[in-house]
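The structure under discussion appears below in the form of structure tokens.
Values below: all heavy atoms of this structure, side chains included; hydrogens, waters and symmetry mates excluded.
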Amino acid sequence: MKLSRSERKARERNKKAKRKKSKKKKSQRPNTNHRRHNFSAQSTSMKPAPGEGPYDLHSNRVSSLNINSTADDVLKAIKRAQNLHDAHDLRAVEQFLLEEVDETFAYGYRGSLLSRLAVAALHMSNNELARKAIDVRRIEHRQSMLPMESAAVVRGLLRVGNTTDALNLLDDELSLPLQGTPLDSPENKDRLKHRALSLSSIASRHFFEGEPCRAVQACEMLSDLGPMVRESGLTAADLSMPWTRIIKGATQCESGRRSGDVIPCMPEMELPCNLVYAVLRAMTTFPSQNDDRTYEALSNALVRRTVFVTGAVDMTGLPKADRGEAVFIGRSNVGKSSLVNMITNRKSLAFTSKRPGKTQQFNFFAINDKPGREKEIRYGDVIEGEKDLDSFYIVDLPGFGFAKVPQQVKQEWASFMKEYLSNRKTMRVLFHLVDARHGPIDEDMRIMKEVGESLPKRVSYVVVLTKADKNVKGPSSKNQGRVAKEVMEKLRQTMKQNKVGNAPVILTSAETKLGRDDMWRYLRLAAEA
């Protein structure tokens, strides 16, 4: 008969209890004249008490260290000492590694054990022991130091607030590859990877601790490192950069800065209008992950409040030019509104419609204006306060090509657009949206011609290919969109003919979220104006 699991367990417990009872009875038997050998008792009596010898430990698994101990024995002892905060065992391991054995111990694995010892000592706030281990490792095992171990020590130093030593160790053991060496070699790729992860740890920790200056410096170092990482061939999956955590730390620090709770430690240092832009600048230099969680956190940090300000039909109806402006232009049904909603992580910031030409005025949306601004606009109330430093306008211009409006209205739009592009001083970036399925049509050519003739040099002109997912059958995370080669050639030729051939081109999709990282790289120009 097959027993159930509970019955089997009960039977095992009963057997165990019987064995325990029988052992107890045997131990209580009267002593006889027969000689009995108890080797376990003899070995126990001969063994010194734990902690008496110089390298004796409190551990039962590894009771002591000697010349015959293996690297695994030492590693187990270090882990146990760290987990239980056993200062005696940690000191015994230190003496064993520094005084008893030399650099040949465990086939040269001593350097790795010293790095692990340093991390454990820092975890227990024993800075003196950690410094000894780090110095000996650097002097005697420099040739065998691994970037992964150095990165672990950097994180340990940051944990105890020793940023100076962390940066020094970063520059010494995780320095940039020598000029002229191939970046795609395994050694250099490993070094670049762990230098990037160490810098991200520095940025994240200082953002969360309310020290924006050091965090921004780490982000700037990441920005300088990004191109080398791309050149080495490392992918986003290889790196696993913690961008989401860094953004959350920057968001928290920026919130404290706006409220006055966070005061920069270096007043002379110029910080960005929003600390998250420092993270964004670093992100855009690295291989793109296009992760939903990361860009949701980014959008929520950079677009905290949105309000429709006005719809202008001529220059007199424009709002006050007191902040930067990011302008979106393109023919009707090209997907402007959907793209704006995707970038800002909003469902209805700009109204989307299947009917071409729904946008029939120059719509101004204020980003990060002062709280309560919508009451001023709707009811004329006087609201105290100022707009945030990173406030800017998103301007949605009407589409021309398929809009079902009279020709006279189209001409008025064209005249207004020309005057706006030429004279609006606060415009910083112009996004020209082109359908990735068809390439530029006549209306796009007219816009390019106008831009080539009228747009001031201070304004960045960016061509954005939309609906790239429509060119892919069953778009996925690995293939979020594409553009046909002939369409791209046609676009480049048209741009060259209209004197805008050097403008960057971005491939996007509102459905798969493709291109939002590149869009934010230029959108920040309006916020930083």
Item to check | Within residues 261-286 or reaching into it, pairs that qualify as salt bridge (Lys or Arg N to Asp or Glu O under 4.0 Å) - sequence neighbours excluded | outcome: Arg281-Glu528
Which atom names give the shortest non-hydrogen contact between [X] and [Y], and what distance separates them?
{"X": "Ala326", "Y": "Phe431", "value": "CB-CE1, 4.4 Å"}
{"X": "Ile246", "Y": "Ser204", "value": "CG1-CB, 4.1 Å"}
{"X": "Glu376", "Y": "Ile383", "value": "OE2-N, 3.0 Å"}
{"X": "Ser422", "Y": "Pro456", "value": "O-CG, 4.1 Å"}
{"X": "Ala468", "Y": "Leu514", "value": "CB-CD2, 4.2 Å"}
{"X": "Ala236", "Y": "Ser288", "value": "CB-O, 3.7 Å"}

Determine yes or no for a side-chain-to-main-chain donor-acceptor pair under 3.5 angstrom, with [X] supplying the side chain and [Y] the backbone.
{"X": "Glu254", "Y": "Leu275", "result": "yes"}
{"X": "Asp190", "Y": "Pro186", "result": "no"}
{"X": "Asp172", "Y": "Leu169", "result": "no"}
{"X": "Thr285", "Y": "Ala282", "result": "yes"}
{"X": "Thr251", "Y": "Ile247", "result": "yes"}
{"X": "Asn83", "Y": "Lys79", "result": "yes"}
{"X": "Arg331", "Y": "Asp444", "result": "no"}
{"X": "Arg346", "Y": "Ile343", "result": "no"}
{"X": "Asn368", "Y": "Leu389", "result": "no"}

Test ring pair (Phe, Tyr, Trp, His ring centres under 6.0 Å) applied to [X] - qualifying residues, sequence neighbours left out:
{"X": "His194", "result": "none"}
{"X": "Phe208", "result": "none"}
{"X": "Tyr295", "result": "none"}
{"X": "Tyr109", "result": "none"}

Any side-chain donor near an acceptor of the partner, [X] and [Y], under 3.5 Å:
{"X": "Glu173", "Y": "Ser150", "result": "yes"}
{"X": "Asp388", "Y": "Ser391", "result": "no"}
{"X": "Asp469", "Y": "Ser509", "result": "yes"}

Atom [atom1] in [X], atom [atom2] in [Y]: separation rounded to 0.5 Å?
{"X": "Leu430", "Y": "Tyr522", "atom1": "CG", "atom2": "OH", "result": "13.0 Å"}
{"X": "Met283", "Y": "Leu222", "atom1": "CE", "atom2": "CG", "result": "11.5 Å"}
{"X": "Leu239", "Y": "Leu192", "atom1": "CG", "atom2": "CG", "result": "9.0 Å"}

Do any side-chain atoms of residues 111-120 form donor-acceptor pairs under 3.5 angstrom with protein atoms, and if so which ones, sequence neighbours left out?
| unit_1 | atom_1 | unit_2 | atom_2 | d |
| --- | --- | --- | --- | --- |
| Ser112 | OG | Glu149 | OE2 | 2.5 |
| Ser115 | OG | Ser112 | O | 2.6 |
| Arg116 | NH1 | Gln82 | OE1 | 2.8 |
| Arg116 | NH2 | Gln82 | OE1 | 3.3 |

Item to check | Pairs touching residues 242-262 that satisfy ring-ring contact (aromatic ring centres under 6.0 Å, His included), sequence neighbours left out | outcome: Trp243-Phe286
Item to check | Pairs meeting criterion ring-ring contact (aromatic ring centres under 6.0 Å, His included) with involvement of residues 244-276, two or more places apart | outcome: none
Next on the checklist: Using salt bridge (charged side-chain N to carboxylate O under 4.0 Å, His left out), reason through Asp322 and Lys387 one step at a time and then give a plain yes or no.
Outcome noted: CA-CA 10 Å; Asp322 59 351; Lys387 62 181 178 63; 5.4 Å; no
Item to check | With Asp390, the side-chain hydrogen bond (donor to acceptor under 3.5 Å, both in side chains) member among Arg304, Arg323, Arg524 | outcome: Arg304
Can you list the residues that meet the side-chain contact (heavy atoms from CB on, under 4.5 Å) rule with [X], with sequence neighbours excluded?
{"X": "Asn126", "value": "Arg91, Ala121, Glu128, Leu129"}
{"X": "Ser185", "value": "Pro182, Glu187, Asn188"}
{"X": "Val160", "value": "Leu122, Asn127, Asn162"}
{"X": "Arg482", "value": "Asn471, Val472"}

If you count heavy atoms of other groups shown closer than 6.0 angstrom to [atom1] of [X], is the number above 12?
{"X": "Met148", "atom1": "CE", "result": "no"}
{"X": "Arg293", "atom1": "CZ", "result": "no"}
{"X": "Lys189", "atom1": "NZ", "result": "yes"}
{"X": "Arg257", "atom1": "CZ", "result": "yes"}
{"X": "Asn502", "atom1": "CG", "result": "no"}
{"X": "Lys470", "atom1": "NZ", "result": "no"}

Do [X] and [Y] come close enough that some side-chain heavy atom pair is under 4.5 Å?
{"X": "Met221", "Y": "Arg195", "value": "yes"}
{"X": "Asn498", "Y": "Ile447", "value": "no"}
{"X": "Met427", "Y": "Leu421", "value": "yes"}

Next on the checklist: Which label fits Phe362 and Tyr420: parallel for a plane angle under 30°, tilted from 30 to 60°, or perpendicular past 60°?
Outcome noted: perpendicular
Item to check | From CA spacing to verdict: side-chain hydrogen bond (donor to acceptor under 3.5 Å, both in side chains), Thr508, Thr466 | outcome: CA-CA 5 Å; Thr508 67; Thr466 63; 5.6 Å; no
Checklist entry - Which is it for Asn341 and Ser338 under the side-chain hydrogen bond (donor to acceptor under 3.5 Å, both in side chains) test, yes or no, and what are the steps along the way? => result CA-CA 5 Å; Asn341 291 335; Ser338 299; 5.7 Å; no
Next on the checklist: Evaluate Asp518 against Arg521 for salt bridge (charged side-chain N to carboxylate O under 4.0 Å, His left out), listing each step before the verdict.
Outcome noted: CA-CA 5 Å; Asp518 292 320; Arg521 180 170 48 171; 3.1 Å; yes
Next on the checklist: Could you go through Gln217 and His206, starting from their C-alpha distance and side-chain angles, then the distance that decides it, and tell me whether this counts as side chain to side chain contact (heavy atoms under 4.5 Å, CB included)?
Outcome noted: CA-CA 10 Å; Gln217 286 177 339; His206 283 92; over 6 Å; no
Next on the checklist: Go through it in stages, so that I can follow the logic: the residues are Arg80 and Asp86, the test is salt bridge (charged side-chain N to carboxylate O under 4.0 Å, His left out), and I'd like the CA-CA distance, side-chain angles, deciding distance and then a yes or no.
Outcome noted: CA-CA 8 Å; Arg80 180 193 172 279; Asp86 192 331; 3.1 Å; yes
